[in-house]
There are 2 protein chains.
Amino acid sequence: MDTGPAPTRIQARNRAAILEAALDVFSAQGFRGATVDGIAAAAGLSKPNLLYYFPSKEAIHDALLAGLLDLWLAPLRALDPHGDPLEELLAYVHRKLEMSRELPRESRLFANEILQGAPRIGQALEGELKALVDEKAAVIAGWVAQGRIAPLHPRHLIFSIWSLTQHYADFDVQNRAVLGDEDPFTHAPAFVDTLFRRLLTPPATG
Amino acid sequence: MDTGPAPTRIQARNRAAILEAALDVFSAQGFRGATVDGIAAAAGLSKPNLLYYFPSKEAIHDALLAGLLDLWLAPLRALDPHGDPLEELLAYVHRKLEMSRELPRESRLFANEILQGAPRIGQALEGELKALVDEKAAVIAGWVAQGRIAPLHPRHLIFSIWSLTQHYADFDVQNRAVLGDEDPFTHAPAFVDTLFRRLLTPPATG
DNA sequence: CGTGATCTTGACCGAATGGTCAAAGAATAA
DNA sequence: TTATTCTTTGACCATTCGGTCAAGATCACG
């Protein structure tokens, strides 16, 4: 795969600055709410200059989303079928929660896209995402069948992990409004740990 | 409180049609993505005619949000301090899940607003919402102190109920992509019931 | 240097968008 | 019927926005 001539130092710097600025703006304002002028200003460039590096507003957005899906699915990919079920799933939960704290803009960009009906990544959801979830759901179903975790619907378990962890990024404003001075992430790790531990721990036999 | 002259039959019909159409459009496209022309068309009116009933696009949006918060908080308000803790909380969860199925547009409108940083209802979040959550969190904390439900952080419990149930409305496209033919709402009620039952049931004493 | 490639920008364009207005068209009550 | 109010609309306006272009500035390299 030829990716063309090697990028200039200026190209590398400006492309990165544009994507960084675009992530800020798109995640905060949504695709329609964002303006090319706004992104350019945030990147410290003039609008025509920005359009010298990316052909259109949509191209910037696409570039962001393209890089995002892999990043987003990496924690689930890392779920090891041969590891300890409870540990593996809790590690997944914690990785996802950490991403909500460290990468809230990416989470909101993704949430915006889904909320609008996934017009740009619907294909990837039905392909790449579904395939990965199918694979990992089978792993979880196996654990359930072996009695190593409590019985539950594997895909809905994954949904619950997504919703709970991403909620801490996407609804951060609301969480902070409710908690007042308390930082949402102070107790979030312990809470999600407790929640999924109680959900997954198989009933004591004997 | 004088609300002015009684509305004409035509006024009642058209105002309702506008709000209905606006809910469709705003929830699907977001505030910036929605156009006055689009809302007018969906309501079966011309743009100037729509603007005869509402002074601006923002006014329509505000009218929707104003009515929404009360609707949204009603299930939590209904949580009875004197009822059975587990039953009360599970009933709350089920009511919220039902709202995600029956009122997905309202859920997405709300999610859009929060995602954008709650520019229009931030005040209400820090006032009305916080007050209600404070009140109900105290109730839950009381139940915990009495050992009637398993120990957990009351506000994060509420967050988890919100996130899990609203996820079924806000991320519906993603859920359907993952599940293929299976309707997300087929197994959702049983799943959330199981989840919160295991989370809340106090450990057997003895 | 100088020369060609890369980078930047002010000025501009067409389309979309929120909103206005005057005047025409119903509905309504006397 | 008529006078009055309520409703609807075509035409229009100012602004914003995505995007173009030609010309100038800067850089890399022989």
Side-chain angles (χ1 to χ4, degrees), chain A residues 2-65 109 112-113 116 119-120, chain B residues 2-65 109 112-113 116 119-120:
Chain A
D2 187 5
T3 52
T8 298
R9 219 169 311 151
I10 298 180
Q11 273 171 24
R13 171 172 46 88
N14 283 347
R15 274 184 212 276
I18 290 169
L19 289 175
E20 169 70 19
L23 181 57
D24 257 9
V25 175
F26 279 133
S27 67
Q29 323 262 155
F31 180 77
R32 290 289 305 267
T35 70
V36 177
D37 263 314
I39 298 170
L45 299 175
S46 67
K47 180 171 66 169
N49 199 10
L50 179 149
L51 289 168
Y52 170 75
Y53 292 101
F54 288 87
S56 71
K57 175 183 172 181
E58 180 130 20
I60 308 174
H61 195 252
D62 286 353
L64 281 177
L65 282 181
L109 183 73
N112 260 307
E113 168 70 8
Q116 313 299 322
R120 291 171 179 82
Chain B
D2 188 4
T3 52
T8 297
R9 219 171 310 155
I10 298 179
Q11 275 172 21
R13 171 172 46 89
N14 283 349
R15 274 185 213 277
I18 290 169
L19 289 175
E20 169 70 18
L23 181 56
D24 257 10
V25 175
F26 280 133
S27 67
Q29 323 264 156
F31 180 76
R32 291 288 306 266
T35 70
V36 177
D37 262 314
I39 298 170
L45 299 175
S46 67
K47 180 170 65 168
N49 199 9
L50 179 149
L51 289 167
Y52 169 75
Y53 291 100
F54 288 87
S56 71
K57 175 183 172 181
E58 180 131 21
I60 308 174
H61 195 252
D62 287 353
L64 280 177
L65 282 181
L109 184 72
N112 260 306
E113 169 71 8
Q116 313 299 321
R120 291 171 179 83

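In this structure, A:Leu51 reaches the bases: a heavy-atom distance under 4.0 Å links it to at least one base atom across the strands shown. Here A:Arg13 lies out of heavy-atom contact (under 4.0 Å) with every strand. Residue B:Phe54 is classed as having no contact, given no heavy-atom separation below 4.0 Å to the nucleic acid.
Between B:Arg9 and B:Glu58, the one whose closest nucleotide on DNA chain C sits nearer the 5' end is B:Glu58. Nearest-nucleotide mapping onto DNA chain C: of B:Ala34 and A:Leu50, the residue sitting toward the 5' end is A:Leu50.
Counting only heavy atoms from C-beta outward, the side chains of A:Phe26 and A:Lys57 approach each other to under 4.5 Å. Taking the side chain as every heavy atom from C-beta outward, B:Phe54 and B:Asn14 never approach each other to under 4.5 Å.
Protein chain A contacts DNA chain D from D:dC17 to D:dC21, reading 5' to 3' and using non-hydrogen atoms of the protein with a distance under 4.0 Å. When DNA chain C is scanned 5' to 3' for any atom under 4.0 Å from a heavy atom of chain B, the first and last hits are C:dT17 to C:dC21.
In this structure, CZ on B:Arg32 lies 13.0 Å from CG on B:Asn112, to the nearest 0.5 angstrom. A distance of 10.5 Å separates CD1 in A:Ile18 from CZ in A:Arg13, rounded to the nearest 0.5 Å. Remark: B:Ile60 CD1 to B:Phe31 CZ distance equals 9.0 Å, nearest 0.5 Å. In this structure, CD in A:Glu58 is found 5.0 Å from CG in A:Asp62, a value given to the nearest 0.5 Å.
A donor-acceptor pair is defined here as one N or O able to donate and one able to accept, closer than 3.5 Å; no such pair exists between the side chain of A:Thr8 and the backbone of A:Gln11.
Checked options A:Leu50, A:Leu51, A:Leu45, A:Asn49; the residue passing with A:Lys47 is A:Leu51 (criterion: side-chain contact (heavy atoms from CB on, under 4.5 Å)).
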